[in-house]
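Here the structure is laid out as structure tokens; the discussion comes afterwards.
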Amino acid sequence: ARQSPWVQSVVEFILYTLWDTRQKVGHATRSVEDCVRLAKTDNTILTSILEARYICGGRNIFEELQQQFRKEIVTRSNAKDFVAQKLAERDLRHRKAGESRYLVEPDVKDGKGGLRDLHTLFWIAKFLFATNSPDELADKGALSRHDLRVFQKCENFLWAVRCHLHFLTGRGIDRLSFDRQSELAERLGYKAHGGLKHVERFMKHYFLVAKDVGDLTRILCASLESRELKDAPSLGRVLSRLLPKARTSLADAPAFRLEGGRITLKSPDAFETDPVNAIRLFAAAGRNGLEIHPDALRLLRKSLPLIKRPVCESPEANALFLELLTGSADPEVILRMMNEAGVLGRFIPDFGKIVAMMQFNMYHHYTVDEHLIRSVGILASIERGELTSDHPLSAAIFPTLTSRRALYVATFIHDIAKGRPEDHAIAGERIARELGPRLGLAEGETETVAWLVRHHLLMSETAQMRDLNDFKTILDFAAVVQSPERLKLLLILTVADIRAVGPGVWNGWKGQLLRTLFSEAEPVLSGGHTAMGRKERVAEAQAAFFANFPDWSEAARSAYAARHYEAYWLSSSLAKQLKDQALLT
């Protein structure tokens, strides 16, 4: 019925009562016709009506709303638009909250893998399958019984975390910041164990749940694709238009075929027949620059228990993994796919121990596994020349390396021993010596990997914490490094490590310190020969500074250059030099 004075008085009474009890209530009073009409143009209203639940009052009006809504709004013609809008809303929300689901201060509600992602899945399923509860998702074929249990487990955990967060703060705050994580871990009953603090165990559980939410999203999207209701651009779809129509097989991967430009299985028992196919799948994707079909990933997740010691020790499997790590066009993408699917932690058990592990400090922005994968991605970007402007020295020396494979492996495992009672660099060195031969590295390569992992913090700590103008600092550093090749490797690993910590961590000052340390140590390690002497480096730094003052005379430049020692020009960033000049004037 249309709104009457009586209806308005009832609504006001209810609202004032709720407001008096300090309840935050969004509200609107509409007729059935208004609801249906507005739902056609407003996606937010559409979603709220989709979520409508009967509480009390005239049941006949509620049922009329449901019938009219299903009749005029929930049609197949509208389904594709609704799904596209909801997935677009999800992507926008992720960009605002942070693209990664492994940010160490996640947003429980709007972050990737958070509550709103589960809500989005339920809204889509409810629209398509006319479900009124998660249990009906399994009854109507949207999810399997196993997936339903995962859905409910994730929902219960995330609601518990969010409620405790609100109880703790007394406000509707959804970001799980460092200062709240320890108390939340205590409230939820987590205890320290196995070298991990109670808060680190709690956050590891959180990130594993966020990963499960991502798995559920992929499963539902695969179901939508099979119903031809999901229309979103992807790399596989683009490539499918470029590939010859007749091509459905891969010459280098006989167990797989192409479907819509993406790799899938020829037989549903491919993993049971030969579990090494789990590694071959990702190697083929990396070689061919293709995506993996969601159906193949779903079968793979069910087959994870098959990845046992015989697969881990298989020479072919290890050679394929080394190939995708060091030879893929974009190893970061392939490694992340392997990690999301659960394969990486099964194939390299030591890596499995740090999956979803956070480091409880203000420095790292991501979980340990995400940090390692990002490190490899940055390393590949430096090699491709995409970061030359930020890292000119690293880009210049990369083609001269003789231990390229060792550098990629060391970058991938440099923090693999985090979360253990002993120093992670010492434990990591031991893991490197065991993993190197397994992957097929030569004895010398394994030794290089082990050394890099053991000393991966040496260059950053020396550059940032020691006096680079003291020649003993350089001699002490060179005594550990011992060779020009190791110096090059350590510089590039240090750059990738720092950049992968998180956005904004790398800056020009750190780059300047690392370049200074490299340039001072290089002649010591190479017997006095260096690509650029100290005076040349000073002159180069001064030239970069004076380029910002083209009107200065030669006399003015000489006078200003004489005001600072050589160490100032070598160890200060250009930004600091310009700031100092502004203060002096």
Side-chain angles (χ1 to χ4, degrees), residues 47 50-51 79 82-83 86-87 89-91 94 101-102 106 108-109 111-162 204-230 232 234 259 262 264-265 268-272 278 281 291-307 336-346 352 355-356:
T47 305
L50 186 66
E51 273 270 71
F82 179 78
V83 171
K86 281 300 165 192
L87 294 179
E89 285 177 8
R90 178 202 62 181
D91 293 341
H94 289 170
R101 66 173 56 91
Y102 305 115
V108 179
K109 177 185 175 185
K112 200 168 187 178
L115 266 172
R116 191 59 83 209
D117 279 6
L118 283 179
H119 295 162
T120 298
L121 294 182
F122 184 58
W123 291 334
I124 291 174
K126 189 168 185 178
F127 194 101
L128 299 178
F129 298 94
T131 57
N132 290 312
S133 69
D135 290 303
E136 292 185 46
L137 293 178
D139 295 335
K140 298 189 176 182
L143 294 174
S144 68
R145 282 290 167 187
H146 169 75
D147 295 334
L148 174 63
R149 288 193 295 272
V150 172
F151 184 103
Q152 293 170 328
K153 179 196 73 172
C154 293
E155 186 177 39
N156 290 338
F157 176 81
L158 291 172
W159 270 121
V161 172
R162 191 181 182 208
K204 181 169 184 175
H205 189 183
Y206 179 91
F207 293 121
L208 289 173
V209 167
K211 181 176 177 293
D212 285 340
V213 174
D215 290 343
L216 290 171
T217 301
R218 281 184 289 274
I219 289 168
L220 185 61
C221 285
S223 175
L224 296 176
E225 285 188 6
S226 67
R227 294 163 59 94
E228 299 181 353
L229 290 171
K230 179 172 177 283
S234 68
E259 182 178 312
R262 291 178 294 188
T264 191
L265 308 177
D269 63 351
F271 298 125
E272 295 179 12
L281 177 65
E291 289 183 344
I292 298 174
H293 198 281
D295 288 342
L297 290 174
R298 184 190 295 186
L299 285 172
L300 178 58
R301 276 188 286 272
K302 292 180 179 179
S303 305
L304 287 178
L306 299 173
I307 304 177
R336 185 170 288 110
M337 289 171 61
M338 290 186 75
N339 194 35
E340 292 280 349
V343 173
L344 205 48
R346 301 282 301 197
V355 168

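Only this structure's heavy atoms are used, side chains among them; waters, hydrogens and symmetry mates stay out. Bear in mind that the values here come from a model prediction, so they are computed numbers and not experimental data.
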- Could you go step by step and tell me if L265 and F271 meet the side-chain contact (heavy atoms from CB on, under 4.5 Å) rule? CA-CA 9 Å; L265 308 177; F271 298 125; 3.5 Å; yes
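Shown are R301, K302, R298; of these, the salt bridge (charged side-chain N to carboxylate O under 4.0 Å, His left out) with D215 is made only by R301. When each of L158, D212, L148 is paired with K153, the side-chain contact (heavy atoms from CB on, under 4.5 Å) condition holds for D212 and for no other. Among the candidates I307, L297, L281, the single residue satisfying the side-chain contact (heavy atoms from CB on, under 4.5 Å) test with V343 is I307.
The two atoms that bring H293 and E259 nearest to each other are NE2-OE2, 3.4 Å, heavy atoms only. Residues V213 and G113 approach most closely at CG2-O, 3.6 Å, considering heavy atoms. For F127 against A79, the heavy-atom pair with the smallest separation is CE2-CA, 3.5 Å. Here the closest non-hydrogen pair linking F207 and P106 is CE2-CG, 4.3 Å. In terms of heavy-atom proximity, K109 sits nearest to R162 at CD-NH2, 3.5 Å. Smallest separation of non-hydrogen atoms from L115 and E155: CD2-O, 4.4 Å.
Judged by distance alone, with hydrogens and angles left aside, the side-chain atoms of K211 form a donor-acceptor pair with the main-chain N or O of E340 at under 3.5 Å.
Using a 4.5 Å heavy-atom cutoff, the side chains of L216 and D117 are not in contact. Counting heavy atoms from C-beta on, the side chains of F157 and V161 come closer than 4.5 Å. Proximity of F82 to L128: side-chain heavy atoms (C-beta onward) are nowhere separated by under 4.5 Å.
We find the CZ-CH2 distance between R116 and W123 to be 4.5 Å, quoted to the nearest 0.5 Å. To the nearest 0.5 angstrom, E89 atom CD is 6.0 Å from T47 atom OG1. Residue M338 holds its CE atom at 13.0 Å from CZ of R346, rounded to the nearest 0.5 Å. How far CD1 of I292 is from CE of M337: 3.5 Å, rounded to the nearest 0.5 Å. Once rounded to the nearest 0.5 Å, the distance linking CG of L121 with CG of L87 reads 9.0 Å. For the atom pair CG of L304 and CG of L299, the computed distance is 11.0 Å after rounding to the nearest 0.5 Å.
The aromatic rings of W159 and H119 sit tilted relative to each other, their planes meeting at an angle between 30° and 60°.
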